[in-house]
Amino acid sequence: MIATLLFALFIVTMLAGVPIGAALGLAGTAAIALANSETQWFGLLAVPQNFYAGLGKYPLLAVPMFVLVGSIFDRSGVAARLVSFATAIVGRGPGMLPLIAIAVAMFMGGISGSGPATAAAVGGVMIAAMSKAGYPGAFSASVVGAAAATDILIPPSIAFIVYSVLVPGASVPALFAAGLIPGVLVGLALIIPSVWLARRHGMGQLEADLPRPPLLRSFLDSFWGLMAPVVILGGMRMGWFTPTEAAVVAVFYGLFVGMVIHRTMTWRDLFPILKESGELSAVILIVVALAGIFAFSLSTLGVIDPLTRAIVESGLGEWGVLALIVLLLVVAGMFLDGISIFLIFVPLLWPLMQHYQWNPVWFGVLLTLMVAMGQFTPPLAVNLMVSCRIAGVSMETTVRWVLPLVLAMGVVVLMVIVWPELALWLPRVLGF
């Protein structure tokens, strides 16, 4: 009865417009109070304890730092220089600008690890360029929103950091390495329909007439941006710093590039950057903390074990259960943000992972693929919201262009399910 109330209250409050974090916290608090109605203070002392426990984890220190990195590189002009360099390499022609947008977004994923931040940085440059070349705004917004979804797969990734906090045995370095190959495959999979759609519908007719940047000059301009993933990921691989420390190194590197090298930032720009990243980090971490209350109520009410037994004994088998999980997460991704999906579903799915002996690193990559797909799947797609706002179009107009991109990403999901080594080979080679 109380377990039913827990989920009912969560769904009702969320549908009523209550923020997802507050809905999790309210539902968990009400369930704890009802389950301990005969004890002193109704057992509510567990609420602040679990609020802190959800937040007091060392890997989470990297979250505000990587959010700050995304804001710094957005303001430093790195994205524009990378676009110029990519254009110099691949040249001009119908379908080339969508390819460049996806390639630059993938590269930016090696810097910030935040989809919305990359959608803003790349969209601010590419959507205007694509509009000038004759691409419809809805198509441009769809491509940029989908391209930015690769960022939570290509290391560093905020999503992987949150997952590592929730799942024992899944270290951050192993997850970072595991996400690299699937992230690159997703980028390649998105390029194919993007270029095909552009050429089939005669988009970008003016693109060939635009000037091609000089290769050497654009390379020198973008050099410091190109070096950012080398510094961040190379330093972690060499053992110079942990992923959390890498986030701090990335912040100072970004400030150095923006203020000293490119000189596109001044000390006056720091306050709005810190304010913006602080607000976004606070939202993420408050949701994480409030989800700790929800997870505690799930475990104390004994909801997870009966649910696990019901699924295992349903007769679906291992592959049927996995297909059900994928379908569930795809639907959830249409309405919830990635962090919330992890916080709600990972505690429920952890016993299933143990029962079927799924590798936690592989399963983390699979979940993150689902979350990445949800970031550009209407009706609530955070990346698509950002790119649509930049392009000045409604999300409804992007549906016809988004669906082929979603299907392309679905192929990569299927590949990772059938061939787990796509995710597990690199961590094993690197010794994680």
Side-chain angles (χ1 to χ4, degrees), residues 3 6-7 10 20-21 24-25 27-28 31-32 46 49-51 53-60 63 152 157-176 178-179 287-314 316-333 336-372 374 413 416-417 420 423-424 427 432:
L6 171 69
F7 287 103
F10 167 62
I20 183 74
L24 287 167
I32 291 170
Q49 292 172 351
N50 284 278
F51 183 91
L55 202 56
K57 297 179 175 66
Y58 177 72
L60 289 178
V63 172
I152 63 170
S157 165
I158 293 174
F160 282 147
I161 293 170
V162 174
Y163 179 83
S164 72
V165 169
L166 299 171
V167 176
S171 69
V172 175
L175 288 165
F176 279 6
V287 172
V288 171
L290 290 170
I293 302 170
F294 188 82
F296 175 78
S297 62
L298 281 177
S299 60
T300 54
L301 291 173
V303 175
I304 297 177
D305 289 342
L307 187 62
T308 303
R309 282 197 302 272
I311 294 174
V312 170
E313 296 170 2
S314 63
L316 293 173
E318 181 178 352
W319 290 102
V321 170
L322 190 58
L324 182 65
I325 291 172
V326 169
L327 180 62
L328 175 66
L329 292 174
V330 168
V331 174
L336 300 173
D337 65 278
I339 302 298
S340 300
I341 290 174
F342 276 177
L343 296 172
I344 294 168
F345 288 101
V346 168
L348 295 171
L349 298 176
W350 171 244
L352 289 174
M353 199 190 316
Q354 291 178 305
H355 177 80
Y356 290 112
Q357 297 182 342
W358 291 331
N359 186 292
V361 172
W362 167 79
F363 195 67
V365 172
L366 185 61
L367 291 186
T368 307
L369 277 167
M370 298 292 99
V371 169
V413 172
V416 172
I417 292 174
L424 299 178
F432 294 137

Engineer: Nearest 0.5 Å, what's the CZ-CH2 distance between F363 and W350?
Structural biologist: 10.5 Å
Engineer: Which atom names give the shortest non-hydrogen contact between A174 and V361, and what distance separates them?
Structural biologist: O-CG1, 4.0 Å
Engineer: Determine the minimum heavy-atom distance between A159 and T368, stating which atoms define it.
Structural biologist: CB-CG2, 4.3 Å
Engineer: For P360, is there any backbone N or O sitting under 3.5 Å from a side-chain donor or acceptor partner on Y163?
Structural biologist: yes
Engineer: State the CG-CG distance between L369 and L329, to the nearest 0.5 angstrom.
Structural biologist: 11.0 Å
Engineer: Of the non-hydrogen atoms in Y356 and V321, which two are nearest, and what is the gap between them?
Structural biologist: OH-CG2, 3.4 Å
Engineer: Could you walk me through whether V326 and I417 satisfy the side-chain contact (heavy atoms from CB on, under 4.5 Å) test, starting with their C-alpha distance in whole Å, then the side-chain angles of each, then the deciding distance to 0.1 Å, before giving a yes or no?
Structural biologist: CA-CA 10 Å; V326 169; I417 292 174; 4.0 Å; yes
Engineer: Could you state the interatomic distance from CG (L322) to CE (M353), rounded to the nearest 0.5 Å?
Structural biologist: 11.0 Å
Engineer: Tell me the closest heavy-atom pair linking S164 and A170, and the distance in Å.
Structural biologist: CB-O, 3.2 Å
Engineer: Which heavy-atom pair separates V365 from G179 by the least distance, and what is that distance?
Structural biologist: CG2-N, 4.2 Å
Engineer: To the closest 0.5 Å, what do you measure between CG (L367) and CG (L349)?
Structural biologist: 6.5 Å
Engineer: Measure the acute angle between the ring planes of W362 and W358, then classify it against the limits of 30° and 60° as parallel, tilted or perpendicular.
Structural biologist: perpendicular
